[in-house]
Amino acid sequence: MVDKLSGTGAAPARATESSGDLENLPVLLGRLGDEVMQLMDTKLNLLKVEVKEEADQYVRDGAMIGTGTIVAAVGFALFNVAVALLVSLLFPFSQPVNFALGFVVTGLVYMIIGGIVVVTMKNRLSNRALVPKTSVEELRKDKQWLKNDI
């Protein structure tokens with residue numbers, strides 16, 4: 001009978017341990033919430049860094065496009081004058097009219113070529129995503145996980 005009493009004496013000790021665990025449950029849940037918030041903050045900061053890097057890349061690319069455009073415009077102007085003078089030799093009119101027609105024909109050809117280049121580059125830039133898809137998708141998954149599991 002003493003063994004039975006000793007055995008029942010051990011059972012209340014477990015109940016005391018269980019109630020201690022239950023008292024720690026709010027602390028554990030609070031810590032879990034804090035860690036989840038820290039995880040979300042870290043992921044949002046990563047997203048901000050990725051967006052900033054993409055924006056910086058756009059600025060650098062835009063500056064290079066601008067520099068290239070200026071250099072090309074100077075070369076284009078000089079080349080256009082030479083071609084217009086060459087084209088003006090093809091017309092049988094007076095010299096001023098020949099020069100005017102040479103510049104008009106040459107200008108139209110270069111405007112068409114320039115328009116094609118501008119549209120092509122605009123389409124290439126519009127195909128780039130400013131926001132990283134993988135990070136946004138990961139944040140959506142985390143949001144869904146938080147809604148469903150917590």
Side-chain angles (χ1 to χ4, degrees), residues 11-150:
R14 285 185 186 165
T16 305
E17 289 175 8
S18 297
S19 78
D21 288 344
L22 289 177
E23 290 173 4
N24 289 332
L25 187 61
V27 173
L28 292 175
L29 287 176
R31 191 177 336 153
L32 175 65
D34 291 343
E35 289 178 2
V36 167
M37 291 305 295
Q38 184 180 7
L39 174 67
M40 294 305 291
D41 284 343
T42 303
K43 286 190 176 195
L44 285 174
N45 287 336
L46 178 63
L47 178 64
K48 287 178 188 176
V49 167
E50 288 177 348
V51 168
K52 185 182 181 307
E53 287 175 359
E54 285 292 322
D56 289 346
Q57 186 65 38
Y58 269 110
V59 169
R60 282 192 298 272
D61 290 349
M64 291 305 293
I65 288 172
T67 302
T69 300
I70 291 170
V71 171
V74 170
F76 171 74
L78 294 172
F79 183 72
N80 193 24
V81 168
V83 170
L85 291 174
L86 183 64
V87 170
S88 70
L89 297 176
L90 300 175
F91 297 109
F93 306 112
S94 67
Q95 191 173 12
V97 173
N98 287 348
F99 286 155
L101 288 174
F103 278 104
V104 167
V105 169
T106 307
L108 287 174
V109 168
Y110 285 120
M111 283 173 44
I112 290 169
I113 292 170
I116 291 170
V117 169
V118 167
V119 169
T120 303
M121 293 310 293
K122 180 198 142 303
N123 290 338
R124 187 179 294 174
L125 278 176
S126 67
N127 287 338
R128 289 188 75 180
L130 184 60
V131 178
K133 293 178 185 178
T134 54
S135 293
V136 171
E137 186 61 32
E138 188 67 27
L139 286 172
R140 284 188 186 132
K141 287 178 184 177
D142 291 344
K143 180 181 174 184
Q144 189 64 33
W145 173 76
L146 287 172
K147 280 184 180 179
N148 291 339
D149 293 343
I150 293 182

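Atoms considered below: every heavy atom in the structure, side chains included; atoms not considered: hydrogens, waters and symmetry mates.
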Please report the interatomic distance CD1(I70) to CD1(I65), rounded to the nearest 0.5 Å.
12.5 Å
How long is the gap from CG on L39 to CG on L44, to the nearest 0.5 Å?
9.5 Å
Note, K43 side chain near L47 side chain (heavy atom, < 4.5 Å)
no
Give a yes or no on whether R124 atom CZ has more than 12 heavy-atom contacts from other residues, nucleotides or ligands under 6.0 Å away.
no
Say you draw a straight line from NZ of K122 to CG of L125; how long is it, rounded to the nearest 0.5 Å?
9.5 Å
Any donor-acceptor pair under 3.5 Å from N98 side chain to L89 backbone:
no
In Å and rounded to the nearest 0.5 Å, what is the CG to CD distance from D142 to E137?
10.0 Å
If the condition is side chain to side chain contact (heavy atoms under 4.5 Å, CB included), which residues does F79 pass it with, not counting sequence neighbours?
V83, Y110
Heavy-atom pair of closest approach, residues L85 and F99:
CD2-CE2, 3.6 Å
CE (M111) and CD1 (I116) are apart, to the nearest 0.5 Å, by 12.0 Å
For Q57 and D61, test the side chains for any donor-to-acceptor distance below 3.5 angstrom and give the result as yes or no.
yes
With heavy-atom distances below 4.5 Å as the criterion, would you say the side chains of V87 and F103 are in contact?
no
Hey, does the side chain of S126 reach the backbone of N123 with a donor-acceptor pair shorter than 3.5 angstrom?
yes
